[in-house]
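Following: one structure in structure tokens, then a few remarks.
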Amino acid sequence: MQVTEKLNEGLKRAYSITLPADTLTDKMNEKLDAARADFHMKGFRKGKVPPALMKKMFGKSVMGEAMQEAVQAAIQSHFEETGDRPALEPKITVESDEWEEGRDLTVEIDYEKMPEIAQPDFSAVSLERLTVEVEEGAVQEALDNLARQASKYEPKDGAAETDDQVVLDFEGRIDGEAFENGAAEDFSLVLGSGQFIPGFEDQLVGASAGEERMVQVTFPEGYGTEFLAGKEAEFACTIKEVKRPVPAPIDDELAKGFEAESLDQLRSQIMDRLGEEYQKASRAILKRRLMDRLDEVAEFELPQSLVDEEALSVARQLWLEENPNVPVQERPEVEPTEEHIDLAKRRVRLGLLFADVGASAKVTVTDTELNQALMRQAMQYRGQEKQFFEYAKQNQQIVQQVRAPLFEDKVVDYILELAQISDTAVSKDALQEAINALDE
């Protein structure tokens, strides 16, 4: 075959590939001979139908298959010879859908190739890791929270406050008409718990036993009961009792309520949990700082096609987060902004770098690790864990979504082993500030 370069600009490549007529004819005859060997036809023994008759009967359909296979083989040979790896599916144009025997065939191929990745010197990367010691004050704070969770409520005089419990009767109406499941008697509601729709509990703060209040609210657009979504409603409420929370004593009995044998064991469990939380937060901060640094020092050309595709994905994702309830048919075309493009460039740069580092370091995600991650995801579907797990294992899109972060974390671990890491002790509040900054 003859290959002519038509474009060589940055990572963009375009070639014209000419397949000789003899190559295509040989491919077609090869397929006809293979079909002829098992072909039965009245008047001929098996495999003895004349080639000319086979060609007359099946030449057109076999010709299309031969052309397709020859084109695929030529393109594969081109990539093997050049060593190019296309960033996205190449654009392939064949001069004619129907090839005529005896004519050469020209194929145009257009693509962006993957860049050569120049890995930074990871040993020259310096990073600070934040460490936090679990202090007694944090353990006591956690115990106090558990005691509040185990609170009992006792009657109180005076107005209800946030965190108080009110016992009430209520009846809801929309446009003056009562609606299904909109009423209850002797209902216990903790103010500030978020158990009711937004605005309901706030309007009961300050109410006293025996008082009647009219609460006016608007059901959210995404409310689970469709006929109530977005509707304005009013609830006639009668406050029957106000109770204040009384935290449970911090003792062995409290510990048993949280599946610990004693208060000492509960304290130990809290210390372990806090330690794990601090380490997880510290790891997240260190990972972000590593990726920020790598984004600065990694230098190689980015395939524009990958950047454009990722920028559009980012724009759509952020738009959906801001407009979650817009029906699919009403969603507009989203145009990526400069901010979206910058984020896309970062993602593409780090994605290509991590893939290259992972390949050169022979980083792999084992089947055991993948299955464990799939099982953790399956645990979110109570009662259907097994069904989801089996379905997910057969769904390559889900498998890839689960495998990708596992692979990324392993590559991060590999790079951190080579980098210079210094530990800095900070308070838990400073750690929390650093975590909050990740979302800014």
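In summary, the side chains of Gln432 and Asp429 do not present any donor paired with an acceptor at a separation below 3.5 Å, with no hydrogens or angles considered.
With sequence neighbours left out, Tyr153 forms a ring-ring contact (aromatic ring centres under 6.0 Å, His included) with no residue at all. Residues passing the ring-ring contact (aromatic ring centres under 6.0 Å, His included) test with Tyr223 are Phe219, sequence neighbours excluded. In this view, Ser360 and Gln119 satisfy the side-chain hydrogen bond (donor to acceptor under 3.5 Å, both in side chains) rule, not counting sequence neighbours. Listed by chain and residue number, nothing satisfies the side-chain hydrogen bond (donor to acceptor under 3.5 Å, both in side chains) test with Ser282 (two or more places apart in sequence, or in another chain). Legend: residues meeting side-chain hydrogen bond (donor to acceptor under 3.5 Å, both in side chains) with Glu408, ordered by chain and number and at least two apart, are Lys287. Judged as a side-chain contact (heavy atoms from CB on, under 4.5 Å), and not counting sequence neighbours, the contacts of Thr162 are Val205. Partners of Thr93 under the side-chain hydrogen bond (donor to acceptor under 3.5 Å, both in side chains) rule, at least two apart in sequence or in another chain, do not exist in this structure.
In this structure, Glu417 places its CD atom where only 12 or fewer heavy-atom neighbours from other residues, nucleotides or ligands lie under 6.0 Å away. More than 12 heavy atoms of other residues, nucleotides or ligands lie within 6.0 Å of CD in Gln380, so this atom counts as buried by the packing criterion. No more than 12 heavy atoms of other residues, nucleotides or ligands shown are found within 6.0 angstrom of CG on Asp175. Atom CD of Glu5 sits in a crowded spot, with more than 12 heavy atoms from other residues, nucleotides or ligands closer than 6.0 Å.
No side-chain heavy atom of Ile17 sits less than 4.5 Å from a side-chain heavy atom of Val71. The shortest side-chain heavy-atom distance between Tyr15 and Val107 does not fall under the 4.5 Å cut-off. The shortest distance between side-chain heavy atoms of Leu143 and Leu263 falls below 4.5 Å. Between Thr131 and Thr424, every side-chain heavy-atom pair lies at or beyond the 4.5 Å cut-off. Side-chain contact between Ile285 and Ile435: present, with at least one pair of heavy atoms (C-beta onward) separated by less than 4.5 Å. Side-chain contact check for Ser193 versus Glu201: some heavy-atom pair is nearer than 4.5 Å. Put simply, the side chain of Leu204 reaches to within 4.5 Å of the side chain of Leu189, judged on heavy atoms. At a threshold of 4.5 Å between non-hydrogen side-chain atoms, the residues Ser422 and Ser126 do not count as touching.
Taking the charged nitrogens against the carboxylate oxygens, Arg129 and Asp423 do have a contact shorter than 4.0 Å, which makes a salt bridge. Under 4.0 Å is where a charged nitrogen must lie from a carboxylate oxygen, and between Lys243 and Asp163 no such pair does. Checked for salt-bridge contact, Lys12 and Glu9 miss the test: no charged N lies under 4.0 Å from a carboxylate O.
Under the salt bridge (charged side-chain N to carboxylate O under 4.0 Å, His left out) criterion, no residue pair touches residues 316-334, with sequence neighbours excluded. For residues 365-392, the pairs satisfying salt bridge (charged side-chain N to carboxylate O under 4.0 Å, His left out) are Glu369-Lys410, with sequence neighbours left out. Identified under the ring pair (Phe, Tyr, Trp, His ring centres under 6.0 Å) test for residues 370-391, with sequence neighbours left out: Tyr381-Phe388. Contacts classified as side-chain hydrogen bond (donor to acceptor under 3.5 Å, both in side chains) and involving residues 295-312 (residues at least two apart or in different chains) are given here: Glu112-Ser305, Arg293-Glu296, Asp295-Arg349, Gln304-Asp308, Glu310-Arg347. Applying the salt bridge (charged side-chain N to carboxylate O under 4.0 Å, His left out) test to every pair with at least one member in residues 132-150, sequence neighbours left out, gives these pairs: Glu136-Arg267, Glu141-Lys428.
With Lys231 contributing its side chain and Phe227 its backbone, the two residues share a donor-acceptor pair below 3.5 Å. Within the 3.5 Å criterion, the main-chain N or O of Ile398 finds a donor-acceptor partner in the side chain of Asn395. Side-chain atoms of Thr337 come within 3.5 Å of backbone atoms of His340 as a donor-acceptor pair (strictly under, hydrogens ignored). No donor-acceptor pair closer than 3.5 Å links the side chain of Ser268 to the backbone N or O of Asp264. Without hydrogens or angle criteria, Asp104 side chain to Thr18 main chain gives no donor-acceptor distance under 3.5 Å.
Atoms CZ and CG, from Arg289 and Leu294 in turn, are 14.5 Å apart once rounded to the nearest 0.5 Å. Here the CD1-CZ distance, from Ile117 to Phe300, works out to 4.0 Å after rounding to the nearest 0.5 Å. The structure places CD of Gln377 at 7.5 Å from CD of Gln401, a figure rounded to the nearest 0.5 Å. We find the CG-CG distance between Leu127 and Leu416 to be 7.0 Å, quoted to the nearest 0.5 Å.
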For Gln420 and Phe122, run side chain to side chain contact (heavy atoms under 4.5 Å, CB included): C-alpha distance rounded to whole Å, both residues' side-chain angles, the deciding distance at 0.1 Å, then the answer.
-> CA-CA 8 Å; Gln420 300 179 41; Phe122 299 126; over 6 Å; no

Could you check Glu80 against Gln76 for side chain to side chain donor-acceptor pair (under 3.5 Å), going step by step and ending with a plain yes or no?
-> CA-CA 6 Å; Glu80 289 175 352; Gln76 182 178 347; 3.2 Å; yes

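Aromatic pair Phe354/Tyr414: ring centres not closer than 6.0 Å.
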